[in-house]
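Notes follow once the structure below has been shown.
Chain A is the first sequence line, chain B the second, and so forth, proteins listed ahead of strands; every chain is numbered from 1.
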Number of protein chains: 4
Amino acid sequence: MAKKSIDKYEAILDAAAKIIGEVGYHKAQISKIAREANVAEGTIYLYFKNKQDLLLSLFQKRYGEFISNLKFEVANAKTPMDKLKKLITMHLENSERDRNFAQVTQIELRQADRDLRQKLSELLKDYFDIIESIIEEGKEQGIFRKDISTKVMRRMIFGTLDETVSSWLLSSRRYSLSRLSNDIFELFCYGLVKPE
Amino acid sequence: MAKKSIDKYEAILDAAAKIIGEVGYHKAQISKIAREANVAEGTIYLYFKNKQDLLLSLFQKRYGEFISNLKFEVANAKTPMDKLKKLITMHLENSERDRNFAQVTQIELRQADRDLRQKLSELLKDYFDIIESIIEEGKEQGIFRKDISTKVMRRMIFGTLDETVSSWLLSSRRYSLSRLSNDIFELFCYGLVKPE
Amino acid sequence: MAKKSIDKYEAILDAAAKIIGEVGYHKAQISKIAREANVAEGTIYLYFKNKQDLLLSLFQKRYGEFISNLKFEVANAKTPMDKLKKLITMHLENSERDRNFAQVTQIELRQADRDLRQKLSELLKDYFDIIESIIEEGKEQGIFRKDISTKVMRRMIFGTLDETVSSWLLSSRRYSLSRLSNDIFELFCYGLVKPE
Amino acid sequence: MAKKSIDKYEAILDAAAKIIGEVGYHKAQISKIAREANVAEGTIYLYFKNKQDLLLSLFQKRYGEFISNLKFEVANAKTPMDKLKKLITMHLENSERDRNFAQVTQIELRQADRDLRQKLSELLKDYFDIIESIIEEGKEQGIFRKDISTKVMRRMIFGTLDETVSSWLLSSRRYSLSRLSNDIFELFCYGLVKPE
DNA sequence: AATGAATGAGATTTCATTCAT
DNA sequence: CATGAATGAAATCTCATTCAT
């Protein structure tokens, strides 16, 4: 086999997600990741520049896939309301399906050093863009209120989803995450106050 | 804590908040905190069991003060709406006033190891209780909708505030945080959808 | 003891000289030097910035002492011929007395990376200056020939002494080094050719 | 060596000389040498036992050629003085012509481990023999003085040439090396002292 | 013969924590 | 109570060498 095996690349990424999910980024030793991936330590450095690059690649790949699925589904939804609904559902379902991904995304990413966090937040920007474009579309169509800035709204949406997933992770996932979609959607659209 | 110089205890906590706020928990060396506090490294271990205990104490103290202020103000507010408004304002104002506090609370806490994070989330529980009791009161008084669980609502409120402060910190605090209170309050109460 | 012990500093330097003398710079592990000095590995980093700094300090100290002795003795010698004689003698005697020093100076220093070697050759410059000033003085007094450049002469003197010590070290020091002073002096002064 | 492609063998040696000349023995990675030689890393181990063997072979080949040329020229020169002159000239000219050779010979060889250096100095022995036989011949013919041992004389000759080349290399070769031959010859024959 | 992906021992350096003074 | 020098475990990354293809 002349080319570096794509299997090994995947194996290392999977192993990293697992170990980081279990013990956190800082405690995730390269040696453990290597063992988990059935690979020698040095091999990891054939595929990734260093530990940080491994984390970055992990996030990039997993988040990248999610974002592109999300884009597709959102584009296919008709109304801004449908799009928002879809986004909430996908965020929660994806987190529920891949626990390691959620763990890394929600919690461990924040362990990174200042500069890594900077790079990571650039990746998040794609997600933010999708959320904001839904909001803008809603505003244009006269469905969403225009008196509140799009950024504030986006932070509510992302912050709520993020916190919801974090809680679920810390609770050891004793309840169904995706079943919350409807309520959260309702809350986003109409707020806490009971309509008369 | 009762014996020993209370000044030193305070000095160390202040130094820790400063250093951690600057470089993050993992990069905050005990030696730097000691130098900042004008204390020998060993002295820190007379007041705190270890580095983790120092962070925990820091959080406990700062968050404790905040929580007790919050309780007081919330108790004094008349309606659930007023209480919610007060909570939002205080959360944002407090974060804006004490940058180190916000930094530690929002971002650095997540760097902690699994068990530390567990302990910290227990401290957060007090905050959650306040939020939830406001919601319950609102529900009882027929102001807030009852068809959505209190926990889901609480996660929206906390998650949104958390994300809002995080964004502000990462943006290098180039805008006024507390000025967002009204919009966030509006959003919480009435949601995204434009009333006709 | 409040101040870092000067004893430890010395002990580490001695240990480094010994270990480097035995196995060479690259194979001289910090851990071995630490064991030899009866010190923990970390302690070495309290006294020296890194391994390279340790070597540099070692050379600086030992060579510095030698140079200052040499300067003193050379200043006290009357004629350029006496000065040259003294220099030869001291070079050989010093190497003979402190085998580790010689080993490090003659052989191991050259192992250094490009930049370290640069720094080291700056230190050697002091030695070169002494040699060249003796030559210049001899030329001025009409004792040494003026038709050959001082640098060429200096290189002969240093190169010969250096090679002589290197040979002696590689021969496992089976003969007396300092006893060669006279012959070398003769050779420097009058050359290979038999006077008629 | 007889079998296998002699081209590859040469290519590897050339590449090794180039890389070692550039970055030194310790920093010369096998992977870089392989790339420079347009060969796979593993291939190097078909031709050489290990890295050390590669260096040894390199030296052997280059020095061997030089030595055999030297022998030829020295045999053709008439007097011991002519022979000495020739040797000086060839040493300097060869170093000047092949910078990599000089670099490896003068400086990088010293980076080798103890046992490698031992082997290398055995190779040098051939060179030493030539020098010493010139000296002996001179002594027999009554041209060179007999009161100084041949070894001491040889060390002066080799040491001076060695140091001269080293200086030139470290000076980034800003002057002509071979033009120094005459002065050095003069110095060897008649010494520093001005004849009256 | 040739390849180059894979290996894994090994070395430096950091830093929370201890303990003799 | 206070100090800060000393400790040493731990973790990343490198690179000569091997070996399956």
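With DNA chain F read from its 5' end, the first of the two nearest nucleotides for D:Lys49 and A:Gln29 is the one closest to A:Gln29. Taking the nucleotide of DNA chain E with the nearest heavy atom to each of C:Ala28 and D:Gly42, the more 5' of the two is matched to D:Gly42.
The CD1 atom of C:Ile33 sits 12 Å away from the C1' atom of E:dA11 (whole-angstrom rounding). Atom NZ of D:Lys32 is separated from atom P of F:dT17 by 16 Å (rounded to the nearest Å). The CG atom of A:Asp53 sits 10 Å away from the P atom of F:dC13 (whole-angstrom rounding). When rounded to the nearest whole Å, the span between CG of A:Asn38 and C1' of E:dT7 equals 14 Å. What separates NE2 of D:His26 from P of F:dA16 is a distance of 10 Å, to the nearest Å. Between A:Tyr45 atom OH and E:dA9 atom C1' there is a gap of 15 Å when expressed in whole angstrom units. Here the C1' atom of nucleotide F:dT14 and the CD1 atom of D:Ile30 are 14 Å apart, to the nearest Å. Regarding C:Glu41, its CD atom lies at a distance of 16 Å from the P atom of E:dC15, rounded to whole Å.
Without hydrogens or angle criteria, B:Ser166 side chain to B:Asp162 main chain gives a donor-acceptor distance under 3.5 Å.
Regarding contacts with the backbone of E:dT7, a side-chain N or O of A:Thr43 is found under 4.0 angstrom from either OP1 or OP2. For the pair C:Lys51 and E:dA11, the criterion of a side-chain N or O lying under 4.0 Å from OP1 or OP2 is not met. Residue A:Lys8 places at least one side-chain N or O closer than 4.0 Å to OP1 or OP2 of E:dA6. Residue D:Tyr47 places at least one side-chain N or O under 4.0 Å from the OP1 or OP2 atom of E:dA2.
A cation-pi arrangement is found for C:Lys51 relative to C:Tyr25, the charged atom lying closer than 6.0 Å to the ring centre and inside a 45° cone about the ring normal.
Comparing atom distances between the A:Asn50 side chain and each of F:dA6, F:dC13, E:dT17 picks out F:dC13 as nearest.
Atom CG in C:Leu54 sits 12.0 Å away from atom NZ in C:Lys49 (nearest 0.5 Å).
The pairing partner recorded for E:dA9 is F:dT14, the criterion being a Watson-Crick or G-U wobble arrangement whose two distances lie under 3.5 angstrom. Base pairing of E:dA1 is not made with any nucleotide, judged by Watson-Crick or G-U wobble geometry with both donor-acceptor distances under 3.5 Å. Pair check for F:dA2 finds E:dT21; Watson-Crick or G-U wobble, both atom distances under 3.5 Å.
Contact check on B:Lys61 versus B:Asp14 returns no salt bridge, with no Lys/Arg side-chain nitrogen under 4.0 Å from an Asp/Glu carboxylate oxygen.
The aromatic rings of D:Tyr9 and D:Phe48 lie parallel to each other, their planes meeting at an angle below 30°, with 60° marking the opposite boundary.
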